[in-house]
Engineer: 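Quick one: this structure, given as structure tokens, is what I'll be asking you about.
In this text the structure is predicted, and so the values were computed from the model without any measurement.
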Amino acid sequence: MLGVEVADLHSTYQARSRRLMPPRRVERGPVMDVVQEGDAVDLRTLPLLRHFATDRAPYITNAVMVGQDPDTGAGNLSYHRSMVHSRNEIATSLHSRGDLWRLLQIAAERGQPLPVAMVIGAHPLFMLAASARVPFGTDEREVAGGLVGQPLDVVATPRHGLLVPADAQFVIEGT
């Protein structure tokens with residue numbers, strides 16, 4: 001993915017992940033080719049699986065959750081195990097030390113829901129950027145651009161205007 005020898009992986013990752021590159025907003029992208037809303041959404045049509053016999057429902061574990069700071073617009077990317085709760089609801093577990101939890105608390109203090117988008121299937125370096133350890137307020141979409149070496153093309157989600165990769169396979173939007 002980074003185009004370097006194994007011995008250079010760490011140093012290359014470190015250098016590129018520090019070279020923040022703001023995303024490039026585009027009007028359309030493949031992820032917008034099919035948009036479903038409301039009762040048309042049936043999460044059971046996604047290729048989901050139960051990891052353990054004791055799981056209460058199928059889980060989504062390979063997705064990147066995207067949140068945005070309501071004041072700065074900085075994007076937070078993170079992984080969260082998410083259980084399909086109904087045909088169009090997902091229950092997601094957040095860790096109280098994570099940045100998405102912090103964004104949720106800011107929204108709660110304001111009496112507002114926190115809009116989020118779940119990205120399933122995107123460029124591997126976008127997926128890697130979601131695991132970057134960066135200070136709160138760092139837009140990890142910029143980290144993804146640095147890793148790729150060019151701005152990440154993003155589109156605004158239809159309901160909440162969250163910026164997600166234009167070429168993602170699926171995006172699930174909600175609060």
Side-chain angles (χ1 to χ4, degrees), residues 17-32 35-38 41 43 46 48 57-86 88-148 151-175:
S17 67
R18 289 186 180 109
R19 195 178 322 136
L20 303 180
M21 197 169 295
R24 176 177 42 228
R25 187 167 174 178
V26 297
E27 285 303 310
R28 300 246 353 125
V31 74
M32 300 297 288
V35 176
Q36 296 177 339
E37 296 184 80
V41 175
L43 298 169
L46 294 175
L48 305 175
Y59 279 84
I60 300 170
T61 58
N62 63 334
V64 171
M65 192 74 76
V66 178
Q68 287 180 189
D69 186 299
D71 297 321
T72 67
N76 172 257
L77 308 179
S78 51
Y79 288 94
H80 301 277
R81 189 171 192 239
S82 303
M83 182 180 76
V84 174
H85 187 64
S86 71
N88 61 8
E89 293 178 307
I90 297 170
T92 301
S93 176
L94 301 183
H95 194 287
S96 63
R97 289 181 298 211
D99 291 343
L100 190 60
W101 175 266
R102 191 169 171 181
L103 291 175
L104 179 61
Q105 298 314 301
I106 292 169
E109 288 169 7
R110 296 176 181 182
Q112 301 170 340
L114 176 67
V116 292
M118 183 178 265
V119 176
I120 302 172
H123 191 289
L125 293 175
F126 170 82
M127 305 299 281
L128 186 60
S131 64
R133 297 283 187 207
V134 294
F136 181 75
T138 301
D139 192 326
E140 286 143 319
R141 295 169 298 203
E142 294 183 9
V143 173
L147 290 173
V148 173
L152 178 70
D153 284 344
V154 295
V155 294
T157 58
R159 180 164 293 189
H160 298 294
L162 299 166
L163 299 179
V164 298
D167 62 355
Q169 291 178 336
F170 298 100
V171 173
I172 301 169
E173 183 180 19
T175 57

Engineer: If you compare all heavy atoms of Pro151 against all heavy atoms of Arg24, which two are closest, and at what distance to 0.1 Å?
Structural biologist: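 The answer is O-NH2, 3.7 Å.
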Engineer: How long is the straight-line distance from CG of Asp167 back to CG of Leu152, given to the nearest 0.5 Å?
Structural biologist: 7.5 Å
Engineer: Holding to side-chain contact (heavy atoms from CB on, under 4.5 Å), I want the full list of residues that pass it with Ser78, two or more places apart in sequence or in another chain.
Structural biologist: Met65, Asn76, His80, Leu100
Engineer: What are the two closest heavy atoms between Val164 and Ala117, and how far apart are they?
Structural biologist: CG1-CB, 3.8 Å
Engineer: Under 4.5 Å between any side-chain heavy atoms of Tyr79 and Met127, yes or no?
Structural biologist: yes
Engineer: Taking only residues two or more places apart in sequence or in another chain, which ones pass side chain to side chain donor-acceptor pair (under 3.5 Å) with Ser82?
Structural biologist: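 By the side chain to side chain donor-acceptor pair (under 3.5 Å) rule, Ser82 matches Thr92.
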Engineer: Any idea which heavy atoms bring Asn88 and Gly38 closest together, and the distance?
Structural biologist: ND2-O, 3.4 Å
Engineer: Might you point out which heavy atoms bring Phe126 and Arg141 nearest each other, and give the distance in Å?
Structural biologist: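 It is CE1-CG, 4.5 Å.
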Engineer: Of all heavy-atom pairs between Thr61 and Arg81, which one has the smallest distance, and what is that distance?
Structural biologist: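 Minimum heavy-atom separation between Thr61 and Arg81: CG2-CG, 3.8 Å.
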Engineer: My understanding is that only residues two or more places apart in sequence, or in another chain, count here; which of them pass side-chain contact (heavy atoms from CB on, under 4.5 Å) with Glu27?
Structural biologist: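 Applying side-chain contact (heavy atoms from CB on, under 4.5 Å) to Glu27 gives none.
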Engineer: Has Arg110 got more than 12 heavy atoms of other residues, nucleotides or ligands less than 6.0 Å from its CZ?
Structural biologist: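 For Arg110, atom CZ is crowded (more than 12 foreign heavy atoms under 6.0 Å).
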Engineer: Considering non-hydrogen atoms only, spot the tightest contact between Leu43 and Ser86 and give its length.
Structural biologist: CD1-O, 4.0 Å
Engineer: So, do Met32 and Pro158 sit near enough that their side-chain heavy atoms are less than 4.5 Å apart?
Structural biologist: yes
Engineer: Run the side-chain contact (heavy atoms from CB on, under 4.5 Å) test against Ala156 and tell me which residues pass, sequence neighbours left out.
Structural biologist: Arg25, Leu163
Engineer: Do His123 and Leu147 come within less than 4.5 Å of each other through their side chains, counting heavy atoms only?
Structural biologist: no
Engineer: With rounding to the nearest 0.5 Å, note down the distance linking CG in Asp99 to CG in Leu77.
Structural biologist: 10.5 Å
Engineer: Could you give the distance from CD (Glu173) to CD (Gln36), rounded to the nearest 0.5 Å?
Structural biologist: 13.5 Å
Engineer: Drop me the distance from Leu48's CG to Met83's CE, to the nearest 0.5 angstrom.
Structural biologist: 12.0 Å
Engineer: Not counting sequence neighbours, which residues clear side chain to side chain donor-acceptor pair (under 3.5 Å) with Asn62? List them please.
Structural biologist: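 If we apply the side chain to side chain donor-acceptor pair (under 3.5 Å) test to Asn62, skipping adjacent residues, there are no hits.
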Engineer: Is a donor on one side and an acceptor on the other found under 3.5 Å between the side chain of Thr157 and the backbone of Leu162?
Structural biologist: yes
Engineer: Tell me every residue that passes side-chain contact (heavy atoms from CB on, under 4.5 Å) with Glu142, counting only those two or more places apart in sequence or in another chain.
Structural biologist: Leu20, Pro22, Pro23, Asp139
Engineer: Around atom CZ of Arg159, are there more than 12 heavy atoms from other residues, nucleotides or ligands closer than 6.0 Å?
Structural biologist: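 Atom CZ in Arg159 is not packed in, count stays at 12 or less.
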Engineer: Any chance you could measure Leu114, atom CG, to His160, atom NE2, to the nearest 0.5 Å?
Structural biologist: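 Atom-to-atom, Leu114:CG and His160:NE2 are 9.5 Å apart.
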Engineer: Determine whether Pro165 and Val171 make a side-chain contact, defined as any pair of heavy atoms from C-beta on separated by less than 4.5 Å.
Structural biologist: no
Engineer: Check whether any side-chain heavy atom of Ile60 sits under 4.5 Å from a side-chain heavy atom of Ile172, and report yes or no.
Structural biologist: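 A side-chain contact exists here, since the closest heavy-atom pair is under 4.5 Å.
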